[in-house]
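As the structure lists them, so they are numbered: ligands from 1, and atoms in each ligand from 1.
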Amino acid sequence: MLKATNISFGYTSKEVIKNISFKADKGDYIAIIGESGSGKSTLLEIIYGLLHIEKGNVYWNDEKLLGPNFKLIPGEDFMKYLPQDFDLMPYTTVEENIGKYISSQDKNKNKRVRELLKVVDMTEFSQTKVKNLSGGQKQRVALAKVMAKEPEVLLLDEPFSHIDNFRKNKLRRDLFKYLKSKNILCIVATHDTTDALSFADKILVIKNGKLIAKNTPEKLYTNPKSAYIASFFDEINKIPLSEMDSNLVSKNTILLYPNEIKLTEKEGLKATVVSSYFKGSHYLIEALLNKTTLFFEHHKKLETNQQVFLKLAKKTIK
Ligand code: ADP
Ligand code: MG
């Protein structure tokens, strides 16, 4: 089990990681989400042992990790870390880049390289020099490279950021299935909703260096504690209660996703359509409820300035 206890860190006197604690089990997939600058990459570097922490500790199976000040080469052998700017050897082939991390004594070396090439769907490029690959292809090689030694813990920083939508979904499914099958703990910093919602066992939400929520994707999605959390998953409506009932003198608001607001025939709250955005399976409609801008989903386009009636899902009040 990986355990972080009360870790704080600052590059300068200003702390950018503030008292973060969490636990993760073998084989888990943990997604770290948060706006850019919130501290995701810093947290991964602390766990891997690239940054020295003054306060708090990181443990692996109850053993305290010493950090860079006590090691000749920073980083832990049982972990692999894929930074945002993956480093590969440009003048050697894809196969050599991956194979470099597997001992030549290992009689299964070629088999493992082939297996990894398959996971990242790069088999046909095995003999291509890395410098001749696209950004997304390089990222796929970098992913295979960090898996080559079969680490117990894999730390990935925005691992699919350069990979196009044509193959991202399949790659994600194949990769996370592979990691589960090998019982590898994987911690991923991401700003991609699908990375977190569809695959993670647990999501950690960071804001300004603080861990503000940790829960399963289902629980975080259905009961987000703040607009910051909800806005990661979808467009979010923050509706003042006073807009829903003019007799209410309240500063409270409710948070609703666009799919929690439905158009009705003639009952409900009256709103005016501002725009319709085509989303493939539906339209996202922007409308004005008095002074509040709302977004809801509808199966067809609505005319600008059209009056509509809306029914809002019942939600607990924040
Ligand atoms: P994220 O990965 O969530 O975008 P980072 O962990 O990269 O966030 O950054 C967290 C904070 O630390 C930011 O305010 C960033 O400007 C600062 N920071 C990151 N790297 C350095 C560095 N090498 N030196 C000083 N400040 C840094
Ligand atoms: Mg980052």
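Checked for salt-bridge contact, Asp164 and Lys168 miss the test: no charged N lies under 4.0 Å from a carboxylate O. We find that Asp87 and Lys145 are joined by a salt bridge, their nearest charged nitrogen and carboxylate oxygen being less than 4.0 Å apart. Electrostatic pairing of Lys182 and Glu150 counts as a salt bridge here, judged by a charged N lying under 4.0 Å from a carboxylate O. Between Arg172 and Asp192, at least one side-chain nitrogen of the basic residue sits less than 4.0 Å from a carboxylate oxygen of the acidic one, meeting the salt-bridge criterion. Here Glu243 does not pair with Lys291 in a salt bridge; the nearest charged N to carboxylate O distance is not below 4.0 Å.
For Glu76, the salt bridge (Lys or Arg N to Asp or Glu O under 4.0 Å) partners are Lys71, not counting sequence neighbours.
The ring of Phe295 has its center no closer than 6.0 angstrom to the ring center of Tyr257.
A tilted orientation is assigned to the rings of Phe176 and Phe199, their planes being inclined by 30° to 60°.
Sequence neighbours left out, the pairs with a member in residues 200-211 that pass salt bridge (charged side-chain N to carboxylate O under 4.0 Å, His left out) are Lys180-Asp201.
Protein nitrogen, oxygen and sulfur atoms, that is N, O or S, within less than 2.8 Å of the Mg ion (ligand 2) amount to 1.
Ligand 1 lies under 4.0 Å from heavy atoms of Tyr11, Val16, Glu35, Ser36, Gly37, Ser38, Gly39, Lys40, Ser41, Thr42.
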